[in-house]
Amino acid sequence: MRFENKVVIVTGGAKGIGLGCVEVFHDEGAKVIILDRDHRSAEEVAGGLNHKRRNSAAAYACDVGDLTQLSNTMALAINHFDRVDCLINNAGVHPPDTPIEKTNADEVVDLLKINFVSTYVASMAVIDSIKRTQGTIVNISSMTAVLGQKNSCAYAATKGAQLSFTKALALELAPFGVRVNAVLPSNVDTPLMRAWASSLADPQSALQRIAELQPLGRMASPREMGSICLFLATTDSSFITGQGIIADGGASLDY
Ligand SMILES: NC(=O)c1ccc[n+]([C@@H]2O[C@H](COP(=O)([O-])OP(=O)(O)OC[C@H]3O[C@@H](n4cnc5c(N)ncnc54)[C@H](O)[C@@H]3O)[C@@H](O)[C@H]2O)c1
């Protein structure tokens, strides 16, 4: 029970990678707070966890792209169990493939708010609490932050911003014993991945092709990402800060 009597806040914790984090941390004894715009699914997840262990989970409705709403909800979340040991900035979206000339600036700004500024604002909100617990922040970035992605300029740029922010914040918080890291997944089998594939001409062969991009021959599961976050949130990784952990099943090898 590596997170017993500790509290984790997960944005976008109702589904996908966020849900994988929620499940892995809860299995290790954590109290879990989910912020998600899909309040119904978040409530269902929290209800199931409370059924397993009383008063061990809570859900808050929040669109992280609405920055005022995010700040207000973070204040409630921090007060809920009166401590925070880990914040996982996971909520994010991937728009359908779009060449740059077909995008518009308003869409880029909106995406930046959801995928990056939310990471900044939620981190700002926990600074005092996380200094008290000498906790950790984990940002779910993407391999596209360092590799780029065709027809996804805006998405890749938001993920790059998360990674740079991770490094700068790690420097700022290191004197307080607070560590900040990012996870850079390649392809994880989540509702987001399946929605993205379904926007392509042949979703099934697209998913097969995506699985084969990893030398391991498959996508990651959300729980595998949760396990990496748990590692980054415990003393198992006590000398690691400011890093982007590449979790890609070998996808970036053999170029
Ligand atoms: N799936 C992948 O292959 C992959 C790869 C690299 C990085 N990522 C990143 O991982 C994160 C999670 O992706 P996923 O695949 O699990 O997505 P998902 O769509 O399967 O799940 C995302 C969860 O976040 C919530 N969410 C989305 N936008 C939100 C918002 N504005 N406010 C509050 N909640 C919101 C959704 O309701 C959902 O519960 C994203 O930041 C994504 O960029 C995913």
Side-chain angles (χ1 to χ4, degrees), residues 9-24 32-46 59-74 77 88-96 107 109-119 121-122 138-149 152 154-163 165-166 182-199 206-207 209-211 213-214 218-226 228-229 244-249 251-252:
I9 298 176
V10 185
T11 68
K15 288 191 197 128
I17 294 173
L19 177 58
C21 295
V22 163
E23 290 174 348
V24 166
V32 175
I33 299 180
I34 300 168
L35 267 61
D36 205 295
R37 69 178 172 190
D38 180 352
H39 189 48
R40 206 167 144 175
S41 301
E43 282 284 5
E44 265 174 37
V45 172
Y60 286 92
C62 178
D63 180 342
V64 302
D66 178 336
L67 303 176
T68 308
Q69 190 185 118
L70 176 59
S71 291
N72 294 338
T73 313
M74 281 299 295
I88 302 179
N89 286 305
N90 161 76
V93 290
H94 192 313
E107 285 169 1
V109 171
D110 287 346
L111 191 68
L112 195 67
K113 276 193 196 164
I114 296 171
N115 283 6
F116 166 62
V117 188
S118 67
T119 294
V121 168
V138 182
N139 299 320
I140 307 298
S141 172
S142 160
M143 277 299 286
T144 63
V146 290
L147 292 183
Q149 188 178 32
S152 299
Y155 177 79
T158 63
K159 293 289 152 183
Q162 271 185 312
L163 181 58
F165 171 68
T166 299
V183 180
L184 279 61
S186 55
N187 297 295
V188 187
D189 193 353
T190 67
L192 174 75
M193 169 61 70
R194 287 184 178 262
W196 178 75
S198 72
S199 75
L207 285 172
R209 191 169 38 80
I210 288 163
L213 288 174
Q214 284 72 219
R218 62 176 178 84
M219 290 189 247
S221 73
R223 282 190 70 110
E224 284 179 300
M225 298 299 111
I228 296 169
C229 292
I245 305 297
I246 291 171
D248 72 349
S252 59

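All ligand and atom numbering here is 1-based and tracks the order in the structure.
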Just to confirm my output: which protein heavy-atom neighbour is closest to [atom], and how far is it?
atom                    : value
atom 21 (O) of ligand 1 : Lys15 O, 3.8 Å
atom 34 (N) of ligand 1 : Arg37 N, 3.2 Å
atom 23 (C) of ligand 1 : Gly12 O, 3.4 Å
atom 17 (O) of ligand 1 : Leu192 CB, 3.1 Å
atom 16 (O) of ligand 1 : Ile17 N, 2.8 Å
atom 42 (C) of ligand 1 : Tyr155 OH, 3.6 Å
atom 39 (O) of ligand 1 : Asp36 OD2, 2.7 Å
atom 6 (C) of ligand 1  : Pro185 O, 3.5 Å

Contacting atoms of ligand 1, where contact means under 4.0 angstrom from a heavy atom of [X]:
X      : value
Val64  : 30 (C), 31 (N), 32 (N), 33 (C)
Cys62  : 32 (N), 33 (C)
Ile114 : 31 (N)

**Item:** Between CG on residue Leu163 and CG on residue Asn139, distance to nearest 0.5 Å
**Value:**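 The CG atom of Leu163 sits 9.0 Å away from the CG atom of Asn139.
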**Message:** Once rounded to the nearest 0.5 Å, what's the spacing between atom CG of Asp63 and atom NE2 of His39?
**Reply:** 13.5 Å
**Request:** Over 60° means perpendicular and under 30° means parallel, so classify the ring planes of Phe165 and Phe116, tilted if in between.
**Result:** perpendicular
Is there any N or O on [X] that sits under 3.5 Å from an N or O of ligand 1?
X      : answer
Asn187 : no
Ser142 : no
Val188 : yes

**Item:** Sole residue of Asn89, Val64, Asn90 in side-chain contact (heavy atoms from CB on, under 4.5 Å) with Ser118
**Value:** Val64
**Item:** Option of least heavy-atom distance to atom 41 (O) of ligand 1 (set: Val93, Thr144, Asn90)
**Value:** Asn90
